[in-house]
Amino acid sequence: MSGTFVIRFILIQNRAGKTRLAKWYMQFDDDEKQKLIEEVHAVVTVRDAKHTNFVEFRNFKIIYRRYAGLYFCICVDVTDNNLAYLEGIHNFVEVLNEYFHNVCELDLVFNFYKVYTVVDEMFLAGEIRETSQTKVLKQLLMLQSLE
Amino acid sequence: MALKIVKGSIDRMFDKNLQDLVRGIRNHKEDEAKYISTCIDEIKQELKQDNIAVKANAVCKLTYLQMLGYDVSWAAFNIVEVMSSSKFTYKRIGYLAASQCFHENTDVIMLTTNQIRKDLSSPNQYDTGVALTGLSCFVTPDLARDLANDIMTLMSHTKPYIRKKAVLIMYKVFLKYPESLRPAFPRLKEKLEDPDPGVQSAAVNVICELARRNPKNYLSLAPLFFKLMTSSTNNWVLIKIIKLFGALTPLEPRLGKKLIEPLTNLIHSTSAMSLLYECVNTVIAGQYSCSVGSVCLRISVVKYLGLLAMSKILKTHPKSVQSHKDLILQCLDDKDESIRLRALDLLYGMVSKKNLMEIVKKLMIHVDKAEGTTYRDELLTKIIDICSQSNYQYITNFEWYISILVELTRLEGTRHGHLIASQMLDVAIRVKAIRAFAVAQMATLLDNAHLLTGNMQRNGICEVLYAAAWICGEFSEHLENPVQTLEAMLRPKVATLPGHIQAVYVQNAAKLFATILKNQEGNTDSTAAQETSQLMIDRLPLFVQSANLEVQERASCILQLVKYIQKLQQKDVEVAEEVSALFAGELNPVAPKAQKKVPVPEGLDLDAWINEPPSESESEDEQPKAIFTKEEPKHSRPRHTEVDEKELARRREARKQEQANNPFYIKASPSSQKVYQETPGVEHIPVVQIDLSVPLKVPGLPMSDQYVKLEEERRQKERAEKKKKEKKKRKEKRSGRGKKHDSGPESEEDITPAHVVDIVTEEMPENALPSDDDDKDPNDPHKVCDIQGNLQDGSQVVVSVIFENKSDSFLKSMEFNVLDSLNSKLQRPEGSGPHDGLTVPFQLPPGVSNEARFVFTVQSIVMPQKLKGTLTFIVKDSSTHEKLDFKLHFTCTSYLITTPCYSDAFAKLLESGDLKSSSVRLEGVNMPFHHLLARICFHHHFSVVERIDSCASMYSRSIQGHHVCLLVKTSGQTVSIDAKCDEPTLLGNVLDEIKQTFSQC
């Protein structure tokens, strides 16, 4: 029962391996980050749609879910609860969808800083922070109005 | 001034904004790097301007580039500038950039302390929020120390939005600056009862993390969490709380009982799979015996996790999993390899006498269908593991097993030829009744060896021929047509096999020859015998020419022998008797420990030179002090690299156990090399054709399926017979041998083996010493013997205790009990409490001693331990309860297992650099060096890797796989031991124990 139950990183990648979001909750140096991104891409994209959404990765595991051409990946400790993070990803995507009104990959590209804001509203310091979609969306609209 | 502003805004019109950058990158797919380097140049220009809007835009673009993997650390200072902008939009960009780009070593972070403090105390909650979010990413120990107080204050902010963030960030602060925990904790605890559920959940998260590191300190919060658990409806919070309880229950067993009810309620009520999974996981880990069975079904919806959970349940409640056999077998059809592998793991634990054949049959079908050698190899090893586990406990029909093995040899490109071979040998040697059948099968295999040879060189399957040749030779009296087999073994094609297999061929050809002679000499016609000799003489020269020394030596030896025999035959001398005497006597399997148990006869010094070593070795005689560094001495003799099969199997078992315990173990990557080579026309010859070409009367290459059917019929017949017998008994009142079993539903015990499979147990030498006794207080009526660390699972230790009754009265009802420590626990049967004693399964008449075994689970083996225990018993005549206290001393040595290690492996181990070193000096040791080594070997379970004069390297391995390496040197009465081990604590303790051993003498 070792290890901590915090998220190590969150990644959004497209099928070609382009990063659409990378949020790190652990210290990695820049080269290591790129290596991780490439490895995750290699591990996740080869998997069939019928495969499980969990894959062992280094000493961690990746919990991922594919939406259209985008892979949403969360890296956690191997002993952590897979399903909770899977639901977490879906919750996140639903918020994005609501926030960008039918989100598509281009929304994420052109508004990448907003995506980071959404992540920060929902996850903090590697913990799931807020799960209520209405609350998150309310905050996001408030923040937007400040611009 | 005005002009400057106008100029600035005109410039801005030409600036790229983020959108332009993104589009630009998309339009320059071919020369992306070049395009980006021009962009970075532009950004550098923009950063030089005074206009904060331009700077913010530039930083925003940099953040995007950073995400794509470009280095932007040079802009750190500009990021700080943007962070300190008073406008929220820019501030946010600045903080985002900082959280993405800064890390502990970024030096400008020092400059941000005051800015962040200002933002934290800003009246605008969003400024505060954005600062907190940023801080969570780049907090350093310095920042944590300086800002801890500010964040603590924010935990009581009026806005829940801020409170929540502050609580979560406190965890990061604790990590970086642990001193802050004590003052902040009371407030953190308050937050568990915050009116806002979001803040509550944040506090739960943080405390859960803290408790995970040090559960003991958080036991007092258990009631609070218990309340939350029953009241909260937030699944995420519930999951965390359940995790927290998972960490707390080992410390406070009473919690477990309290938890059963709410957990069971959740299991039955929740619709969230994640929560259900968490509950089940905790239930299993805590081994609460609640209605796990009902859960299995629900869990199975999510296959992978279900399988994982089941493998845990299997350990405690095997029955409830076994009923889901079909479901698990279905999982083998799954497309996802990880699911299939999990399912395989489960099957291993599920087999019984009843379902073994069925399961293996299914697996065989999968072997045929399987794509990819890795998975197929995995299947193959699993089939063998399943069948051979617990000393072939589940196999009722060994003919079936042999035919399974033979079928497996037809797999293309498997790497596990030697595994199959060792199984064949093992079964043929140990199951006497099967030998005739096995020999027939092996003869067919040898006869059809050319079918395997197509891709023989590349894969390990030819190892099977090693076993086949040996079995045919050793048990040649069972052969139907020995001449034909002999012929097959001496085919020219054999010369293409690997050397060690050829050697076995040659040797066993000689055994066969002896058998044939014996058969033929009985006949009146002596020409047949002479023909056989001629055959040998014709074919053997091929092997005499072999490049392999072993083959050459054996072949020429045997060739000369046969030539001599031929001469005698020509003079009509009967030789068969004498020739077969060469190979007389039966080989029995020997227990791996047998050698150790043979006492060295007095006066025999195994380590002394028989002849003085040749003098030239003196030239390289210098002390090989470099043995622990890279310069490994050159005297590593070539050794026979075949580690004995038992040892391999044991290691494999240990490793597998380890992997089984770690469901997330990433399997070793398969060799990318394609093992199987296309040779048209050889590999796809159907089985039926082989049958036709086999003139032997044995049932060709049998299909194992037929055995399943046969077995089924046999069992049915058996049952019918039993019934008949019972009837007979009733009618004729004849007392037959009929069994009194009720022939209702077939139970495990009802299945009797097909033929008397007398599994020959491993032999121990007759003069084996009993387990080494420990001299204890002679006044004790009982002696508690020292511990023999027997490897079972990863950290299970079997302790054999010898009870000796030194009193004059009869002792009975003995109960053995040990006070468990956190680290070591006595394994008690299911259902008994943690403090119950175990009944010793015998009584002791005066003067008698007997041995009982107890299993302990040990968590950490790096420290020696003393467990207190009591033995209660009743003295028969006085019928009083008596008690005897004792201590069980688990030395670190007892966790070491004598493991042979070859010098090259040893050198590699030392070179790897993973080992920590330590050393010890022993003074005044007055004994010959070889005695000293023997003593270390014997008392501390080491084996000598290599010895050169007064210097020796030794090796041992712990049950948890730590390597321990020693370099022992002696000069005069001083012995120095340099040691290396991957676990320094363990090493220190082992050295201490060695020191103690020598201080006693």
Side-chain angles (χ1 to χ4, degrees), chain A residues 1-6 18-25 27-30 33-34 37 47-48 50-52 54-61 78-88 106 109-113 116-117 120-121 124-132 135 139 142-143 146-147, chain B residues 18-19 22 60 63-64 67-69 71 73 88-89 92-93 96 99-100 103-104 126 132-133 136-137 161 164-165 168-169 171-172 198 201-202 205-206 208-209 212-213 234-236 239-240 243 246-247 272-275 277-278 281 285 302-305 334-336 338-339 663-666:
Chain A
M1 294 289 265
S2 64
T4 56
F5 292 135
V6 294
K18 282 262 181 279
T19 315
R20 292 304 173 218
L21 173 127
K23 187 84 196 174
W24 309 91
Y25 295 106
Q27 298 273 346
F28 296 105
D29 61 35
D30 289 349
K33 284 182 187 173
Q34 280 312 310
I37 290 176
R47 292 174 64 83
D48 193 90
K50 286 193 173 158
H51 289 178
T52 54
F54 323 115
V55 59
E56 289 138 16
F57 173 77
R58 294 196 181 181
N59 295 326
F60 311 115
K61 65 185 168 193
V78 280
T79 50
D80 213 335
N81 188 323
N82 296 356
L83 293 170
Y85 289 107
L86 201 58
E87 284 164 23
L106 281 183
V109 177
F110 288 116
N111 301 296
F112 86 97
Y113 56 95
Y116 277 102
T117 318
D120 287 338
E121 285 305 311
L124 190 73
E127 301 277 5
I128 293 179
R129 192 191 99 190
E130 182 54 72
T131 53
S132 150
K135 271 193 188 167
Q139 285 303 340
M142 279 298 294
L143 285 171
L146 289 173
E147 295 203 1
Chain B
L18 180 68
Q19 267 74 4
V22 173
C60 186
T63 316
Y64 185 74
M67 185 173 82
L68 297 185
D71 176 40
S73 53
F88 177 72
T89 322
R92 187 163 89 168
I93 290 172
L96 171 62
S99 62
Q100 292 299 99
H103 44 85
E104 278 200 18
Y126 296 102
L132 281 173
T133 317
S136 76
C137 293
Y161 177 71
K164 195 163 59 178
K165 285 193 172 190
L168 283 174
I169 284 161
Y171 174 60
K172 283 270 175 184
S201 111
N205 280 350
V206 172
C208 178
E209 280 310 314
R212 177 147 295 286
R213 285 162 185 266
N234 182 336
N235 287 340
W236 268 276
I239 287 173
K240 285 281 175 180
K243 274 189 192 300
M273 273 301 159
S274 50
L275 181 56
Y277 177 68
E278 196 60 55
N281 238 345
V302 193
K303 279 187 200 160
Y304 180 81
L305 297 174
D334 202 280
K335 277 200 172 156
D336 190 344
S338 43
I339 288 189
F664 303 103
Y665 177 81
I666 301 177

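Chain letters run A, B, ... following the sequence lines, proteins first, then strands; residues in each count from 1. What's counted below: heavy atoms across the whole structure, side chains too, no hydrogens, waters or symmetry copies.
The environment of NZ in K135(A) is crowded: more than 12 heavy-atom neighbours from other residues, nucleotides or ligands sit within 6.0 Å.
The two atoms that bring L143(A) and R92(B) nearest to each other are CB-NH1, 3.7 Å, heavy atoms only.
Only the side chain of T117(A) comes within less than 4.5 Å of a heavy atom of chain B; its backbone N, CA, C and O stay farther away. With a 4.5 Å cut-off on non-hydrogen atoms, T131(A) touches chain B through its side chain but not through its backbone. Only the side chain of L106(A) has a heavy atom closer than 4.5 Å to any heavy atom of chain B. Interface residue E87(A): backbone and side-chain heavy atoms are both found under 4.5 Å from chain B.
Rounded to the nearest 0.5 angstrom, L21(A) CG and Q100(B) CD are separated by 7.0 Å. Atom CZ of F112(A) and atom CG of L18(B) lie 5.5 Å apart (nearest 0.5 Å). Distance check, rounded to the nearest 0.5 Å: CG of D29(A) to OG of S73(B) gives 11.5 Å. Rounding to the nearest 0.5 angstrom, the gap separating the CG atom in L96(B) from the OH atom in Y116(A) is 7.0 Å. Distance check: I128(A) CD1 to N234(B) CG gives 9.5 Å after rounding to the nearest 0.5 Å.
Using modelled atom types, one finds no donor on one side chain facing an acceptor on the other under 3.5 Å when comparing Y171(B) with E127(A).
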Inset, instruction - List the steps, then state whether side-chain contact (heavy atoms from CB on, under 4.5 Å) holds for L124(A) with K165(B). - result: CA-CA 7 Å; L124(A) 190 73; K165(B) 285 193 172 190; 4.0 Å; yes
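Annotation: salt bridge (charged side-chain N to carboxylate O under 4.0 Å, His left out) contacts of K172(B) (sequence neighbours excluded): none. Applying the side-chain contact (heavy atoms from CB on, under 4.5 Å) rule to K33(A) yields the partners W24(A), F28(A), D30(A), Q66(B); only residues at least two apart in sequence or on another chain are considered.
The backbone N or O of R129(A) sits nowhere less than 3.5 Å from a side-chain atom of N205(B) that would complete a donor-acceptor pair.
Between S99(B) and K23(A), the closest side-chain pair of non-hydrogen atoms falls below 4.5 Å.
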